[in-house]
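Quick note: numbers below take in every heavy atom, side chains included, and nothing from hydrogens, waters or symmetry partners.
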Amino acid sequence: QVQLVESGGGLVQAGGSLRLSCAASGSIFRLNAMGWYRQAPGKQREFVARISNGGGTTYADSVKGRFTISGDNAKNTVNLQMNTLTPEDTAVYYCYADLWSGGASPLSTYWGRGTQVTVSS
């Protein structure tokens, strides 16, 4: 079993910053990538950012230049520094991890339960 636990959500005013963290634990053989999605009320879950085990990063256009993803493979953690937040960033943010839980296991995706980020205008 693999568990992902997010932390760092909360309420912030527009223009402010928040830092989200996520830690993966359990049966982890090798990590391929970790990242974040978000889901606003009434909308579909959308990609936010991703970091590979080699350090390569990918961002949604809507957060480029404002959000920064970082990770620590040794600790199986990922962080998302969010700056210049706007009310449009309000959503539940979900951490995910693409990993192998064993040497013969297929690459699988695991999800955290989410953390609420609310940006007031």
Side-chain angles (χ1 to χ4, degrees):
Q1 286 288 347
V2 176
Q3 298 83 37
L4 276 70
V5 178
E6 302 104 331
S7 61
L11 173 64
V12 65
Q13 288 188 333
S17 299
L18 281 175
R19 182 178 176 86
L20 305 183
S21 297
C22 175
S25 63
S27 180
I28 300 172
F29 176 73
R30 185 184 178 201
L31 198 64
N32 184 59
M34 293 185 76
W36 298 87
Y37 274 68
R38 67 186 181 185
Q39 187 166 18
K43 295 186 177 181
Q44 290 189 333
R45 190 174 296 191
E46 64 174 3
F47 170 77
V48 175
R50 175 186 186 272
I51 184 167
S52 71
N53 60 2
T57 58
T58 307
Y59 296 93
D61 288 343
S62 59
V63 306
K64 281 181 182 176
R66 300 188 299 122
F67 291 12
T68 302
I69 190 169
S70 60
D72 186 332
N73 287 341
K75 296 181 179 179
N76 297 324
T77 58
V78 64
N79 301 303
L80 186 68
Q81 178 65 43
M82 306 185 294
N83 298 329
T84 320
L85 286 160
T86 74
E88 288 68 40
D89 295 314
T90 295
V92 177
Y93 284 69
Y94 296 91
C95 172
Y96 77 93
D98 293 330
L99 58 87
W100 293 270
S101 60
S105 300
L107 181 64
S108 299
T109 301
Y110 297 85
W111 293 90
R113 293 188 173 186
T115 185
Q116 176 70 47
V117 171
T118 302
V119 185
S120 63
S121 57

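- Between Pro87 and Ser121, the shortest heavy-atom contact is CG-CB, 3.9 Å.
- Not counting sequence neighbours, the partners of Ser7 by the side chain to side chain contact (heavy atoms under 4.5 Å, CB included) test are Ser21.
- Shown here is Arg30, whose CZ atom has no more than 12 heavy atoms of other residues, nucleotides or ligands within 6.0 Å.
- Here the straight-line distance linking atom CD of Gln3 with atom CD1 of Ile28 works out to 8.5 Å at 0.5 Å rounding.
- Each of Tyr37 and Leu80 belongs to its own hydrophobic cluster when Ile, Leu, Val, Met, Phe, Trp and Tyr are linked at side-chain heavy-atom distances under 4.5 angstrom.
- The same ILVMFWY cluster, assembled from side-chain heavy atoms under 4.5 Å apart, contains both Ile69 and Leu31.
- The aromatic rings of Tyr96 and Trp111 sit tilted, their planes meeting at an angle between 30° and 60°.
- The minimum heavy-atom distance linking Arg19 with Ser70 is given by the pair NH2-OG, 4.2 Å.
- Residues that satisfy the ring pair (Phe, Tyr, Trp, His ring centres under 6.0 Å) test with Phe29, not counting sequence neighbours, are absent from this structure.
- Sorted by first then second residue, the disulfide bond (SG atoms under 2.5 Å apart) pairs that include residues 60-109, not counting sequence neighbours, are Cys22-Cys95.
- Taking CZ of Arg66 as the reference point, atom OG of Ser17 lies at 10.0 Å (rounded to 0.5 Å).
- Annotation: cation-pi geometry not satisfied between Arg113 and Tyr94 (NZ/CZ under 6.0 angstrom from ring centroid, within 45° of ring axis).
- Atom CE of Met82 is separated from atom CH2 of Trp36 by 8.0 Å, given to the nearest 0.5 angstrom.
- A side chain to side chain donor-acceptor pair (under 3.5 Å) check over residues 47-61, counting only residues at least two apart or in different chains, returns the pairs Asp61-Lys64.
- Rounded to the nearest 0.5 angstrom, Asn79 CG and Leu20 CG are separated by 8.5 Å.
- Under the 3.5 Å distance criterion, the side-chain polar atoms of Ser62 are left unmatched by any main-chain donor or acceptor of Ala60.
- Within the 3.5 Å criterion, the main-chain N or O of Gly114 finds a donor-acceptor partner in the side chain of Glu6.
- Summarising the geometry, atom OG belonging to Ser105 is positioned 9.5 Å from atom CG belonging to Leu99; distances are rounded to the nearest 0.5 Å.
- Sorted by first then second residue, the ring-ring contact (aromatic ring centres under 6.0 Å, His included) pairs that include residues 66-90, not counting sequence neighbours, number zero.
- Placement of Leu4 and Phe47 in two distinct hydrophobic clusters is found when ILVMFWY residues are connected by side-chain heavy-atom separations under 4.5 Å, directly or transitively.
- Using modelled atom types, no side-chain atom of Thr118 and backbone atom of Thr90 make a donor-acceptor pair closer than 3.5 Å.
- Leu107 is linked by a side chain to side chain contact (heavy atoms under 4.5 Å, CB included) to Asn32, Asp98, Trp100, counting only residues two or more places apart in sequence or in another chain.
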Stepwise side chain to side chain contact (heavy atoms under 4.5 Å, CB included) test for Arg38 and Glu46 = CA-CA 5 Å; Arg38 67 186 181 185; Glu46 64 174 3; 2.6 Å; yes

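- Placement of Val12 and Val48 within a single hydrophobic cluster is found when ILVMFWY residues are connected by side-chain heavy-atom separations under 4.5 Å, directly or transitively.
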